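Worksheet for the structure shown next.
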Amino acid sequence: MGLTKQYLRYADTALFGVIASQKGNIAYVTLRGEKGRYVAVPACEHVFLWDTRKGEKILIFQGPKQEVTALCPSPDGLHLVVGYEDGSVCLFNLLSAEKIVTFNGHKAAVTVLKFDELGGCLASGSKDTDIIIWDVINESGLYRLKGHKDAITQLMFLKAKNILISSGKDTVVKWWDLDSQHCFKTLVGHRSEVWGLALASEERLLITGSADSELRAWNIAYSQEDQDSNEPENKRSKGHVQSLEESSEDDKADAQDEVQNEDTVRCEKAGSIMREGRNRVVGLATDRSGRILACHGTDSVLEIFYILSKEEVQKKLEKKMRKARKKAKQKSNVEEEELDISIECSLQEKIQRLVNIKASAKIKSFDLMLNPKGELKATLMLQNNNIECYSLKSSEQSPQVVQTSKINIGGHRTDVRTLSFSSDNIAILSAAAESIKIWNRSTLQCIRTMECNYALCSLFVPGDRQVIIGTKIGKLQLFDLASGCLLETVDAHEGALWSISLSSDQRGFITGGADKSVKFWEFQLVKDRNSIQKRLSVKQTRILQLDEDVLCVRYSPNQKFLAAALLDCTVKIFYTDTLKFFLSLYGHKLPVLCMDISYDGALIATGSADRNVKIWGLDFGDCHRSLFAHDDSVMYLQFVPKTHLFFTAGKDHKIKQWDADKFEHIQTLEGHHQEVWSLAISPNGDYLVSCSHDKSLRLWERTREPLILEEEKEMVRNLNFKIFFVSSQVPGEIQGEAGLAGKKTIETVKAAERIMEAIELYREETMKLEEHKAICKAAGKEVPLPVNPILQACGNISVSLELEESLLVLPFSYVPDLLMLFNQYFELGLEVELLCRALLFLLRIHFGQITSNQLLVQVMENLKKTTLSRVSQVKDVLGFNMAGLQFLKREIEARDEVTFFADATDRFEEKKKKRKKKQKMILAML
């Protein structure tokens, strides 16, 4: 038996270069009582907490491997809830960044998260068109709301009522009564997707944004206020806004059709506000006070509006009334008291345009905060991996926008297209369309930033004091790392310079470009005009003209051969010294984008846009094996130094490791969430760095952990089965507007199987007990009953967290035995609350079969008696304990002369309610 070849595993060790990723939203968070300073932003699968004053990263919230798609801080400022691409929702402690609980219920990416006023209830919307209400305190799901036909875009809780407002890409806005868990109103005024919702004017105004340049406004009226406001018009103020009774007959009919007896609110179209942007609304929100409204589209302008308060509206109405009376008096010569003039305030007067904020790039998300001094702070998350903060005085007539801070040092503005390692494995070079950055591998800090043209390829000059960049316009740029300045720019090619390769003797390099040529360069020292010392320069020595664009070039390690990948899908190999043609490698169906030659010059591996990798022998040019490597184009390929192992990077977001001798796929490095453009392996082979369209750079380290191929294949099969299993539907799943909050997983099915095994064991033990009784009766004496080893081994039975999902998978043939066991447990008084929960759920999903089964009539009668008696006992115990605690509280209050916090809060709420009632009575009398 031969020895099995072992490999070492590469593990993801660091994520850097990203400030804020594209998905998700930005949000102000309160940290240690300080507001308006810290912001939380998504950063691929993490959440970064940035200090906007110092521009420093304070905390990192690490979740699963999925990308962050939504986040929301809790109202108390102690927690942060984060939604992910796979539909999971995680709750973190805001001070320690520790994960508290994970909610699993959605089958697709979470699009929006929203807390209610007190922070005890959380609503999550997803691309799977469902809304789930979670109980944060009990760490459980309450129910699922179904009704939208497309992805959920925004959610809003009403403070006055237990009502949730939702919008979706299905062009409708739905109103949900959370007490009865049903949709009682649907607004259908939009012709396209509704992208945003905002509540303003103390929840009396709903503003919606769609795919056009119009913001629609809706008046919200509560049923109690409608009853109080049904007074004759002559008893009201003449300047009051026109009521529903004065509306047109068509509006009356529409309102009567919409408002049902059980409805508690009315929502009627109030008008429209025109935006300056002509594209769709991307973000629409108000600050915490509801006085400032802001929105933005797919451009770089944030439009800010000021919403007038009731007092400001009343002053404006009185001013307009005085002007109207004065004008009418001059025309008709009638006393002012005899004039009957009705004036109302238009929507454009209630919502005034304040100012526009022009950002440096397209806006992806924003958040607002208005401090007590009237200063408005706005933080913008931009598309170019940047965060900008602005401030302005909202109380001024023409406020001046001031940029207070910018966070942009920690990453590139555009995609990184080339990476390189220094010879000492310490420095990492990354270059994009606007700059070059040098990173310290150990600290991951950016130690140098230099402006450059659009970079496509790069290398460290031997000695690691200079770097060379090949640009999209065909120029070579030489930079000095110590001073960070550009030493020289050379016109190398007439088109894009796609590839660069250092010679093995380190005296020069070759470049290949879109001008159908390969050029040879040598390093030389020249006199600098500004200095006495000589500086490094490059000199062209030879040129090889070809028939097609050169996409990639490589030297063989012994510098005997030169390989050039051409646009005609072939790879041409030439002798380096004479430039004579040696071999042509053809077989790819699309152009070869990347290639590399092994350290011993025996193999050459090519990666193509046809998603295949081919391994060739460099001696005869024969194809050893063709591998289907990626689900999209192979963008980069490189051998690990001194091995026949190589890595490939693809547009399918993956990096893969291969064995060129055994043609085996060794490992898949998953972590990037967009296309991977390039990678670089350190000279010692211990580190790998990669860059992606998600603006992130990732560092991978070779560990000492051995990697076994069979175990890797088994893990991949299990993962694929789990994904397929979760995506399938649950048999007998309840349809309707409300449903279960959880979802079917491998764990819930395993829990159902354990329940079935337990019931089977119960049946066997019941039969054995009956047989044992018969044997004892026949023998006339007691015979010891052997204990089942399974029951003896199980000290206790764990209960699945997703109890409903587990019972939903359970077949009905096991339900009668389960009900009989419930009756026995109720009689013993074991786990009364859990048994009631399971019993009610079984009755709900199997009601027809249970009621039609005559054998279960007596069982249900016994369950009814025992359940009611046990529940009443539990209720009595709970009431007795509550009474004892109240007595102890009164004793402590009388002894220490203090008031408990809960009582103080209740008294404050009672005073608040009385104040509101008094205000309503005064308004009704006006």
Side-chain angles (χ1 to χ4, degrees), residues 138 140 732 734 740 742 747-779 781-881:
N138 293 326
S140 63
I734 301 172
L740 299 177
E747 288 74 18
T748 57
V749 174
K750 288 181 179 178
E753 290 176 353
R754 289 197 295 268
I755 295 174
M756 293 164 61
E757 292 173 1
I759 294 175
E760 292 285 352
L761 186 61
Y762 162 72
R763 292 173 179 174
E764 293 176 5
E765 290 300 311
T766 304
M767 292 177 63
K768 287 181 182 179
L769 185 61
E770 292 177 356
E771 292 175 359
H772 178 71
K773 288 181 179 179
I775 292 171
C776 292
K777 188 176 181 181
K781 61 179 181 178
E782 287 291 332
V783 179
L785 177 67
V787 181
N788 193 303
I790 298 176
L791 293 177
Q792 195 171 4
C794 295
N796 56 354
I797 299 175
S798 61
V799 181
S800 172
L801 292 176
E802 299 291 344
L803 179 64
E804 288 87 354
E805 293 291 344
S806 302
L807 294 175
L808 191 62
V809 182
L810 189 70
F812 180 74
S813 58
Y814 293 90
V815 173
D817 293 320
L818 199 58
L819 294 177
M820 294 177 186
L821 284 170
F822 283 176
N823 192 18
Q824 296 178 15
Y825 290 147
F826 272 123
E827 290 177 354
L828 296 174
L830 301 174
E831 299 286 349
V832 177
E833 296 89 346
L834 179 64
L835 291 176
C836 288
R837 177 183 168 191
L839 176 61
L840 292 175
F841 184 77
L842 287 175
L843 289 175
R844 182 183 171 191
I845 61 175
H846 299 296
F847 180 77
Q849 292 172 291
I850 292 175
T851 53
S852 60
N853 193 335
Q854 295 295 326
L855 300 176
L856 293 178
V857 174
Q858 188 60 38
V859 177
M860 296 307 299
E861 288 292 334
N862 296 335
L863 273 173
K864 181 180 178 181
K865 295 177 183 177
T866 54
T867 303
L868 292 176
S869 62
R870 287 299 178 184
V871 169
S872 62
Q873 290 178 10
V874 172
K875 186 178 177 182
D876 293 340
V877 171
L878 183 62
F880 179 81
N881 293 337

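Source: prediction; values computed, not measured.
- Considering only heavy atoms from C-beta on, Leu839 comes within 4.5 Å of Leu819 through its side chain.
- From Met860, atom CE reaches atom OG1 of Thr867 across 8.0 Å, with rounding to the nearest 0.5 Å.
- At least one side-chain heavy atom of Glu827 sits under 4.5 Å from a side-chain heavy atom of Asn823.
- How far CE of Met820 is from CG of Leu863: 10.0 Å, rounded to the nearest 0.5 Å.
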